[in-house]
Amino acid sequence: MITNLSDDPKFEIISENLKVIRNDITETAISGGRNPEDVRLMAVTKTVDVKYINHAIENCGVDLIGENKVQEFLSKKDSLSLKGVEKHLIGHLQTNKVKKILPEVDMIQSVDSLRLAAAISAEAVKLGVESKVLLEVNIGGEDSKTGFDKTAFMESLDEISKLPALKVKGLMTIPPICENTLELEKYFSMMYDYYNEIKEKDFENFDFEILSMGMSGDYKEAIKHGSNLVRVGSAIFGARVYK
Ligand SMILES: *Cc1c(COP(=O)(O)O)cnc(C)c1O
């Protein structure tokens, strides 16, 4: 598909935003003694018009996108140029929608309960595939957020590791809104510790290599504390307009 770059200034803004973010990622990784290539950038495309998503993919090298809602993704996907692009679901998933979304995405980052993990595994068994997932941790213990509670989570790992068709690739989190950077970094650092603790334990069906944390407002802090996948939406595409 040829994208028309003509009059709409937003195409150029998106290109520029991506340059700035990639530069930030590189500098932050290097200053932390890490290889910038180890940090992946996901473009979060919820509410974004397909023409802008296609621009990011075709002209700016975006190769990983994240969507929150099953229905929204399914209605957009046929208009997207997704060749060579990895698609992840990052929003809360109801068990009754597992069947619809599983064949459509490469990873579900938002596995927030044992029940959902079991439903995904059961559906993957039917399809004869192995489903890659991340476990979402509610690191701030907030009532308003989905994700495994920190303590319940550790206890669920054994059961999750017994589910036959899951490949658990790591962890995902959205930290609470913090008053200051110090507090925010404390949450990221806790996540990094969990990640390493679980990685060392060698659970069956676990193949830990992804720590997904950091969004538009805090991806630098997240990278500083070991994130290797940042999920950035509004800093690329501008403020979201919910219809
Ligand atoms: C919307 C969303 C993002 C991106 O948020 P921005 O602040 O716009 O970068 C990242 N992760 C999840 C799970 C989201 O729902």
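Both ligands and their constituent atoms are indexed starting at 1 by order of listing. Any value given below was found using the heavy atoms of this structure, including those in side chains, with hydrogens, waters and symmetry copies removed. From a predicted model like this one, the values you see are computed outputs, not experimental measurements.
- Distance from atom 6 (P) of ligand 1 to its nearest protein heavy atom, with residue and atom name: S216 OG, 3.4 Å.
- We find the CD1-CG distance between I101 and L93 to be 7.5 Å, quoted to the nearest 0.5 Å.
- In I90, the parts holding a heavy atom less than 4.0 Å from any atom of ligand 1 are both the side chain and the backbone.
- Remark: the S110 side chain and the D112 side chain contain no N/O donor-acceptor pair separated by less than 3.5 Å.
- K87 has no carboxylate O lying under 4.0 Å from a charged side-chain N of E104, or vice versa, which leaves the two without a salt bridge.
- Checked against the 6.0 Å centroid criterion, the rings of F11 and H55 qualify as a close aromatic pair.
- Shown in contact with I174 at under 4.0 Å from a heavy atom are these atoms of ligand 1, numbered in order with element: 13 (C).
- For atom 14 (C) of ligand 1, the candidate residues are K46, R231, H92, M215; the nearest heavy-atom contact is made by K46.
- Those atoms of ligand 1 with a heavy atom of S234 less than 4.0 angstrom away are 6 (P), 7 (O), 8 (O), 9 (O).
- Counting heavy atoms under 4.0 Å from ligand 1, residue Q109 does not touch it at all.
- With ligand atoms numbered from 1 in the order given, ligand 1 contributes 9 (O) to contacts under 4.0 Å with heavy atoms of V232.
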For this session: Start with the C-alpha distance between H92 and Q94, add both sets of side-chain angles, then the distance that settles side chain to side chain donor-acceptor pair (under 3.5 Å), and finish with yes or no.
Result: CA-CA 7 Å; H92 176 65; Q94 291 168 295; over 6 Å; no
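- An N or O contact shorter than 3.5 Å links G233 to ligand 1 by distance.
- C60 SG to I14 CD1: the interatomic distance, rounded to the nearest 0.5 Å, is 7.5 Å.
- Contact atoms of ligand 1 toward N68: 14 (C), 15 (O) (distance under 4.0 Å to a heavy atom of the residue).
- To the nearest 0.5 Å, atom NZ of residue K83 and atom CD1 of residue I57 are 13.0 Å apart.
- The shortest contact between atom 5 (O) of ligand 1 and any protein heavy atom is with R240 NH2, 3.8 Å.
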